[in-house]
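Report on one structure; see the data block that follows.
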Protein chains: 2
Amino acid sequence: MGQAEYGESHDRLTRFMKANGLKLTRQREVILRAFLDSGDHVSVDDLLALVRQSSPGVGHATVYRTIKLLVDSGIAQEHKFTDGATLYEPVGDDDHDHHDHLICTRCGKIVEFENDDIERLQEEVAAKLGYQLVDHRMQLYGACQIVDCEGLADKESGAVRLPRVR
Amino acid sequence: MGQAEYGESHDRLTRFMKANGLKLTRQREVILRAFLDSGDHVSVDDLLALVRQSSPGVGHATVYRTIKLLVDSGIAQEHKFTDGATLYEPVGDDDHDHHDHLICTRCGKIVEFENDDIERLQEEVAAKLGYQLVDHRMQLYGACQIVDCEGLADKESGAVRLPRVR
DNA sequence: TTAGATGCAAATGTTTTGCATTGCG
DNA sequence: CGCAATGCAAAACATTTGCATCTAA
C-alpha cells in the first residue's frame, strides 16, 4: 500500500541482492514490476498470471522464490488468511505500515485499518507475559452492512484505502 | 482449556448428532475421548496417533471428518497458526472462551491469554467500518525471556494456563 | 433396512525441491 | 569462468473426495 514506486523498490532490491550475493535477473525485475503494478493482495498465482502477460516463459517456482526475496528485502508483506493461498502486498513507502485486515465474510473484500491502541495493548500483553513481541497477526472477520457487498464476485475483492480507526 | 469432561462433551455430541441426523459411531467416540484426553493444541495427525494407540484401524479421513463435527458441535476450536497444520483444542466448559495466543518464535510454545480491552477495541473497529464482527484471529509472535524456552523441542510445546492480562 | 459412516486410495491445492541448463556478474 | 537462477517435473504437505463396504438406528 502507499504507492510503492518502481525505482525505489528496484533500488532496494538491488541493494538487497548485492548485500546477499544474489543476482538481479530479468525475471526478478519483471516480477517486481508486476507485483508493484498489481496494487495489493495478490497470490502467487495472480502474480504469475500478471507476469506471464509480458513474459510467458516464467515458471511458477521462480515466482515463489522471488516473492520470498521481496519479503526478505522489505518490499513485500505476507499475509495468511483463513483459507486459500498466501497473499502478498507491497509495503508502503509512507508511514502506513502496521495495518491489519478486516475481511468480509460475505464477499471476501479486504479492508485495511490501523489502530494504535490495539497495537499498544498487544505490546503490553506480550511484555507482561515475558515476551519480546516480534510480530503479530490480527484479522477481523465480519459481515458488512453495505449493499453492494453481497454482489461482489469472490475474486473481485479490491482492498480499500487505509482508514485510521480511533 | 477448562478441563472439558468426557460425559458432558459426549452428551453434547450426542445431541448434535441427533439434531442433525448423524450417527454416533465407535470411531467418533474414540476420537472424542482421545481429543479431550490430549489436553490442547493437537493437529489431526497428533490426534490420529493418539486414536490409533487404542484403535489402530481408524483412517485419517475419519479424523478429519470427525474433528470438523467437534468444531460444529462446539466441542473443539480450530486455530490456524502461521505454519504447519491446523491445531484444535477443546472448548472450555467454564467462561474462559475468548482467548488468543502468543507463540514463542524460539520454541513454538503456545501461551494463551485474554484481554478484554483488545476484544472491545476490535468490536469498535469493525463497527466503525460498518461491519458486524463475526470472528477474529489474533496471534502474537514473540521471543520469551525465560531460560528453559530455548531448549524446548519443537514438538514439546505445551500451552500454559490462561493468564488474564490487564 | 437404509441413510449415513468408514477406510482406502486417489485427487486437490499450495508450496518446495532436485536437477540439468542458462545466464548474470 | 563460476556460482547462482531458471524452468520443468516431481515431491512434499495438508486436506478433501469418490467409492465400495460396513454399521448404527
Side-chain angles (χ1 to χ4, degrees), chain A residues 10 13-35 41-49 51-52 54-73 76 78-88 108 154-155, chain B residues 10 13-35 41-49 51-52 54-73 76 78-88 108 154-155:
Chain A
H10 187 274
L13 187 59
T14 306
R15 262 180 277 122
F16 180 81
M17 296 305 207
K18 202 154 283 177
N20 294 82
L22 306 174
K23 291 171 181 173
L24 193 50
T25 65
R26 212 195 82 260
Q27 290 88 328
R28 286 175 179 178
E29 299 199 308
V30 172
I31 292 167
L32 172 61
R33 174 154 270 139
F35 176 61
H41 300 116
V42 285
S43 66
V44 168
D45 243 44
D46 295 338
L47 192 48
L48 181 62
V51 164
R52 284 185 169 167
S54 59
S55 309
V58 174
H60 77 155
T62 301
V63 178
Y64 272 103
R65 291 187 274 232
T66 302
I67 194 73
K68 275 198 192 322
L69 247 41
L70 297 187
V71 170
D72 291 344
S73 56
E78 188 183 81
H79 298 292
K80 299 190 175 189
F81 296 109
T82 44
D83 25 50
T86 304
L87 300 187
Y88 297 87
D154 207 34
K155 207 51 230 171
Chain B
H10 187 274
L13 187 58
T14 306
R15 262 180 277 122
F16 181 81
M17 296 306 206
K18 204 154 282 176
N20 294 81
L22 306 175
K23 292 171 181 173
L24 192 50
T25 65
R26 213 196 81 260
Q27 290 88 329
R28 287 175 178 176
E29 299 199 307
V30 172
I31 292 168
L32 172 60
R33 172 154 270 140
F35 176 60
H41 299 115
V42 285
S43 65
V44 168
D45 243 43
D46 295 338
L47 192 48
L48 181 62
V51 164
R52 283 186 170 167
S54 58
S55 310
V58 175
H60 76 153
T62 301
V63 178
Y64 272 103
R65 291 188 273 230
T66 302
I67 194 74
K68 276 200 192 325
L69 247 42
L70 297 187
V71 170
D72 290 345
S73 56
E78 188 183 81
H79 298 293
K80 298 189 175 190
F81 296 108
T82 42
D83 25 50
T86 303
L87 300 186
Y88 298 87
D154 208 38
K155 206 54 231 170

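By convention in this document, chain letters (A, B, ...) are assigned in the order of the sequence lines, proteins followed by strands, and residues within each chain are numbered from 1. Values in this document were obtained by computation on a predicted structure and should not be read as measured data.
Distances from the side chain of B:Lys23 to the nucleotides D:dA24, D:dT16, D:dA9 place D:dA24 closest. Checked against D:dA24, D:dA5, D:dT15, the side chain of B:Thr25 finds its nearest nucleotide in D:dA24. Listed nucleotides D:dT6, D:dA9, D:dA5 differ in distance to A:Arg65; the shortest reach to its side chain belongs to D:dT6.
Remark: C1' of D:dT23 and CE of B:Met17 are 14 Å apart, rounded to the nearest angstrom. As rounded to whole Å, 12 Å separates atom C1' of D:dA5 from atom CG of A:Leu24. Per the geometry, CG belonging to A:Leu13 stands 13 Å off C1' belonging to D:dA5, to the nearest Å. Rounded to a whole Å, the NE2 atom of B:His60 is 10 Å from the C1' atom of D:dA14. Atoms CG (B:Leu87) and P (D:dA14) sit 11 Å apart, rounded to a whole Å.
For the atom pair B:Lys80 NZ and A:Asp83 CG, the distance stands at 5.0 Å (nearest 0.5 Å). Here the CG-CG distance, from B:Leu87 to B:Leu47, works out to 11.5 Å after rounding to the nearest 0.5 Å. Going from atom NZ of A:Lys68 over to atom OG1 of A:Thr86 covers 7.5 Å, rounded to the nearest 0.5 Å.
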Sequence neighbours excluded and cut-off under 3.5 Å, please list the side-chain donor-acceptor pairs for residues 13-26 of chain B, or say none.
from: B:Thr14; atom 1: OG1; to: B:His10; atom 2: O; distance (Å): 2.7
from: B:Thr25; atom 1: OG1; to: B:Arg28; atom 2: N; distance (Å): 3.2

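Place A:Ala61 and B:Gln27 on DNA chain D by their nearest nucleotides, and A:Ala61 ends up nearer the 5' end. Take the nearest nucleotide of DNA chain D for B:Lys80 and for A:Gly21: the residue whose nucleotide is more 5' is A:Gly21.
Phosphate proximity of D:dT16 to B:Tyr64: absent, as no side-chain N or O sits under 4.0 Å from OP1 or OP2. Between B:Ser43 and D:dA14, a side-chain N or O to OP1/OP2 separation shorter than 4.0 Å is absent. Within the structure, every side-chain polar atom (N or O) of A:Arg26 is placed at least 4.0 Å from both OP1 and OP2 of D:dA5.
Counting any heavy atom pair closer than 4.0 Å across all strands shown, B:Ala85 reaches sugar-phosphate atoms only and no base atom. Residue contacts for A:Lys18: at a heavy-atom cut-off of 4.0 Å it reaches no nucleic acid atom on any strand shown. Using a 4.0 Å heavy-atom criterion, one finds that A:Gly84 contacts no nucleic acid atom at all. B:Val58 comes within contact range of the sugar-phosphate backbone alone, with a heavy-atom separation under 4.0 Å but no base atom that close.
Side chain of B:Asp46 to main chain of B:Ser43: a donor-acceptor pair is present (N/O by atom type, distance under 3.5 Å, no hydrogens or angles). Within the 3.5 Å criterion, the main-chain N or O of B:Arg52 finds no donor-acceptor partner in the side chain of B:Ser55.
Heavy-atom neighbours of A:Arg33 CZ from other residues, nucleotides or ligands within 6.0 Å: at or below the threshold of 12.
Once you apply a 4.0 Å limit to the heavy atoms of chain A, the touched nucleotides of DNA chain C run 5' to 3' over C:dT14 to C:dG25.
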